[in-house]
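Notes for the one structure printed next.
Computed from a prediction, not measured in an experiment: that's the story for all the values here. The figures here come from the full heavy-atom set of this structure, side chains too, leaving out hydrogens, waters and symmetry mates. In what follows, chains carry the letters A, B, and so on, assigned in the order in which the sequence lines appear, proteins first and then strands, with residues in each chain numbered from 1.
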There are 2 protein chains.
Amino acid sequence: MATIRDVARLAGVSISTVSRVLNKSGYVNIETEREVNKAIQMLKYEPSDVARGLTNKKTRTIALILPDIVNPFFPELSRAVEDVARTSGYTVIFGNSDGQANKEKAYINILKQKYISGIIFASHNLNRNDVEYLEKIDIPFVVLDRAPSQEGCTVVRSNNFEGAKLAVQHLLDAGCNKIAHIYGPQEINTAKDRLIGYEESVKNFKWYSPTLMVPGNFKLDGGMNAAHVLMERHPDVDGIFVGNDLMAVGALKTLLRLGINVPNQIAICGFDGIHLAEAVEPELTTIAQPIYEMGVLAADLLIKKIEGAEVDNRIYELEVKLVPRASTTKCI
Amino acid sequence: MATIRDVARLAGVSISTVSRVLNKSGYVNIETEREVNKAIQMLKYEPSDVARGLTNKKTRTIALILPDIVNPFFPELSRAVEDVARTSGYTVIFGNSDGQANKEKAYINILKQKYISGIIFASHNLNRNDVEYLEKIDIPFVVLDRAPSQEGCTVVRSNNFEGAKLAVQHLLDAGCNKIAHIYGPQEINTAKDRLIGYEESVKNFKWYSPTLMVPGNFKLDGGMNAAHVLMERHPDVDGIFVGNDLMAVGALKTLLRLGINVPNQIAICGFDGIHLAEAVEPELTTIAQPIYEMGVLAADLLIKKIEGAEVDNRIYELEVKLVPRASTTKCI
DNA sequence: ATATCATGTGGAACCGCTACCACAGATTTG
DNA sequence: CAAATCTGTGGTAGCGGTTCCACATGATAT
């Protein structure tokens with residue numbers, strides 16, 4: 001591994017000069033620059049990121065902390081982040097927090113020691129303290145989905161409330177007359193917003209009842225169980241808006257097993273827009289979040305912050321989109 | 001951020017001594033050690049990984065290069081790698097190569113500059129040159145699934161050949177009398193092994209014909225298309241062994257749409273054991289690879305190599321397991 | 001009693017790079 | 001024409017660690 005000294009020696013200049021051409025900083029004679037570049041080529045020299053990191057306190061590495069990469073929402077998001085990072089010359093470290101605050105804290109610490117350039121938190125548990133700490137140690141960060149109570153964060157998310165209304169409206173348009181909702185853990189903001197959106201949309205219907213809202217855990221089995229509960233409580237529902245696609249697929253399974261025709265007897269609409277929704281039969285209608293775009297935006301914002309550009313510390317809200325598929329297309 | 005010097009000053013010793021207690025190297029008086037530790041605690045000191053990296057050429061960071069994290073096989077694998085890494089004090093960088101050799105090369109270069117400690121390649125395109133290069137620059141690595149032609153690599157994979165035989169046998173046991181196979185890209189070793197396993201198992205049956213083998217791309221749509229092709233060619237098949245779960249789910253979709261009863265008219269068996277197989281209805285019988293264990297093993301082996309332990313450069317082959325589910329459980 | 005060795009500690013070079021400072025000659029400026 | 005400014009380059013002090021070497025004791029061996 002050639003070092004900057006080797007290049008300097010070969011080019012017959014000082015290391016300062018090499019550093020200058022490397023960083024395009026300060027004055028360098030065009031001739032000299034050519035010589036240096038020639039030497040760099042000959043030695044196949046590449047500056048050590050680690051040595052740079054030591055002086056700069058920045059390592060062109062960003063971290064992505066998410067609850068669990070196995071949850072199908074996150075791979076696509078990660079892909080987006082990695083794509084942006086790579087093309088911008090960054091590298092990405094990923095960590096699973098399982099939504100546990102201590103794992104997150106531990107990661108923050110490790111990342112600090114590594115002079116990580118910035119962090120993206122996906123649906124996590126940051127609190128005021130964490131935010132203050134991150135600001136104190138001066139690590140730029142962007143939050144996905146969940147806005148810490150404290151203002152002053154850059155947050156990327158999509159419009160869950162409107163999405164929920166969209167879902168209900170779609171089910172109504174599809175001819176449903178009694179629409180239930182399976183909701184996710186209420187500690188999670190997105191789940192809450194979707195629940196509120198549902199409630200708001202249906203509360204004035206005569207058929208509305210609070211018992212139409214059944215809790216789930218945002219996972220497959222949660223959706224399966226919730227659908228069972230729902231069928232016992234309200235055998236007459238003919239439409240279900242499920243808080244996320246994973247649970248919606250679970251609910252679909254339950255209904256199919258019960259011999260219920262989807263969509264003709266009961267229509268289902270999910271939320272998220274993950275690929276899984278297209279894998280099942282009938283394919284799942286869903287309110288699609290622009291997952292990839294969210295990842296891209298988060299990564300872009302983070303990199304802007306890292307590189308010192310002014311970034312509004314506000315909530316960047318992206319629009320969701322109804323994707324109608326077979327699970328809500330009743331055949332007359 | 002406290003540095004080692006701060007600790008030394010507070011403890012009233014030299015930085016050499018602090019370094020010694022940090023690394024438990026050399027002699028340190030038990031008293032002194034206590035003092036130093038007290039100072040470390042008081043200052044909340046944590047050594048900088050970057051500075052350490054500069055001297056050690058190692059950064060307690062491993063990289064995981066995979067084709068595409070969006071492919072449902074990889075999140076689980078990644079999770080395993082990250083779990084092991086974290087508990088061993090390592091951090092993981094991940095990169096998507098899309099199976100493109102140039103992206104892989106680019107990553108190797110970047111990782112070298114970052115003094116990465118080691119790399120795990122998942123189903124990638126390493127060739128002799130790459131292997132030689134990695135050995136030359138002395139970066140430990142482990143390969144998943146695909147063994148580069150050159151020997152001397154540590155490879156983790158599962159027994160795809162036996163798995164395929166298991167699948168065929170299971171379909172036969174389930175009462176199938178004409179079994180087709182949808183296979184994956186033959187550049188991929190695993191796909192090839194599974195195809196060979198299939199062929200070997202069925203070639204002596206009178207119903208066997210090479211046209212029972214239909215190509216797919218290891219993706220959902222590939223499975224869908226292949227199933228169509230198959231149904232036109234051989235409307236009388238009553239069992240399909242599909243080269244991976246993703247395509248199997250696609251095939252299942254096609255069959256269901258054609259109004260074919262699965263498993264009664266046609267039974268389906270996939271390969272991989274990804275969660276998706278349980279999300280569909282009927283649930284998919286599959287030959288499960290121990291995905292998580294493979295990740296754990298790969299990470300363990302890599303870390304052993306990094307830390308200088310002797311690791312056999314051989315193929316570590318794990319057993320697959322038949323997981324019978326509804327898609328092959330014919331009702332009489 | 002002297003040589004040898006295990007124990008304990010500090011000094012300083014070095015890892016590879018950046019950035020500040022100093023210096024010198026060429027150009028501008030007032 | 002002296003002063004100020006621009007251009008171009010080299011020297012060197014860090015960044016925060018690790019590690020080798022030197023040195024001082026007290027204990028053990030010969």
Taken in chain and number order and not counting sequence neighbours, the residues that satisfy side chain to side chain contact (heavy atoms under 4.5 Å, CB included) with Thr55(B) are none
- [ ] Please say whether more than 12 non-hydrogen atoms of neighbouring residues, nucleotides or ligands are located less than 6.0 Å from CE in Met1(A).
- [x] yes
Pick out the pairs of N or O atoms, protein on one side and nucleotides 9-12 of chain D on the other, that lie under 3.5 Å.
from, atom 1, to, atom 2, distance (Å)
dT9(D), OP1, Thr32(A), OG1, 2.6
dT9(D), OP2, Asn29(A), N, 2.8
dT9(D), OP2, Thr32(A), OG1, 3.1
dG10(D), OP2, Ser14(A), N, 2.9
dG10(D), OP2, Ser14(A), OG, 3.1
dG10(D), OP2, Thr17(A), OG1, 2.7
dG10(D), N7, Arg20(A), NH2, 2.9
dG10(D), O6, Arg20(A), NH2, 2.8
dG11(D), N7, Ser16(A), OG, 2.9
dG11(D), O6, Ser16(A), OG, 2.8

One would report the end-axis bend of the helix from dA1(C)-dT30(D) to dG30(C)-dC1(D), five pairs per end and rounded to 10 degrees, as 40°
Chain B reaches DNA chain C, atoms under 4.0 Å from its heavy atoms, from dA6(C) to dG16(C)
Inset, instruction - Using a heavy-atom cut-off of under 4.0 Å over every strand shown, decide if Thr3(B) touches base, sugar-phosphate, or nothing. - result: sugar-phosphate
The side-chain hydrogen bond (donor to acceptor under 3.5 Å, both in side chains) partners of Asp98(A) (sequence neighbours excluded) come to Lys103(A), Arg79(B)
Think Arg52(B) has a side-chain N or O under 4.0 angstrom from the OP1 or OP2 of dT18(D)?
yes
Asn23(B) atom CG is separated from dG17(D) atom C1', nearest whole Å, by 9 Å
ask   = Counting only N and O atoms by type, is there a donor-acceptor contact under 3.5 Å from the side chain of Glu35(A) to the main-chain atoms of Gly12(A)?
value = no
Next item on the list: Look only at the side chain of Arg20(A) and the backbone of Ile15(A), and say whether a donor-acceptor pair between them is shorter than 3.5 Å.
Entry: no
- Under a 4.5 Å cut-off applied to non-hydrogen side-chain atoms, are Ile139(B) and Ile119(B) in contact? yes
Note: contacts of residues 34-49 of chain B with DNA chain D (heavy atom, under 4.0 Å) are Tyr45(B), Glu46(B), Pro47(B), Ser48(B)
Rounded to the nearest 0.5 angstrom, the CD-CG distance for Glu82(A) and Leu66(B) is 8.5 Å
Quick note, ring pair (Phe, Tyr, Trp, His ring centres under 6.0 Å) partners involving residues 36-82 of chain B, not counting sequence neighbours, are none
Residues Phe94(A) and Tyr107(A): closest non-hydrogen pair is O-OH, 3.8 Å
- Query: Judged by modelled atom types alone, do Tyr133(B) and Lys112(B) share a side-chain donor-acceptor pair under 3.5 Å?
  - Reply: yes
Taken to the nearest 0.5 Å, the spacing of Thr61(B) OG1 from Lys58(B) NZ works out to 12.0 Å
Every protein N/O within reach of nucleotides 24-28 of chain D N/O, cut-off under 3.5 Å:
none

Value for CG (Asn71(A)) from CG (Leu77(A)), rounded to nearest 0.5 Å, stands at 10.5 Å
N/O donor to acceptor pairs below 3.5 angstrom from side-chain atoms of residues 299-311 of chain B, sequence neighbours left out:
from, atom 1, to, atom 2, distance (Å)
Lys305(B), NZ, Phe141(B), O, 3.0
Lys305(B), NZ, Thr154(B), OG1, 2.8
Lys305(B), NZ, Asn313(B), OD1, 3.3
Glu307(B), OE2, Tyr90(B), OH, 2.9

Across all chains, not counting sequence neighbours, the side chain to side chain contact (heavy atoms under 4.5 Å, CB included) partners of Lys219(A) are Asn217(A), Asp221(A)
What residues 53-60 of chain B contributes to the DNA chain D interface at heavy-atom separation below 4.0 Å is Leu54(B), Thr55(B), Asn56(B)
### Query
Going by distance alone, is a donor N or O of one side chain under 3.5 Å from an acceptor N or O of the other, for Tyr115(A) and Asn56(A)?
no
Before you tell me yes or no, could you show the steps for Thr17(B) and Ser14(B) under side chain to side chain donor-acceptor pair (under 3.5 Å), namely the whole-Å CA-CA distance, both residues' side-chain angles and the distance that decides it to 0.1 Å? CA-CA 5 Å; Thr17(B) 302; Ser14(B) 73; 3.3 Å; yes
Next item on the list: Answer with yes or no whether the side chains of Thr87(A) and Asp83(A) bring together a donor and an acceptor at under 3.5 Å.
Entry: no
So salt bridge (charged side-chain N to carboxylate O under 4.0 Å, His left out) across residues 39-53 of chain B, not counting sequence neighbours, yields Lys114(A)-Asp49(B)
Atom CZ of Arg9(B) and atom P of dG16(D) are separated, to the nearest Å, by 12 Å
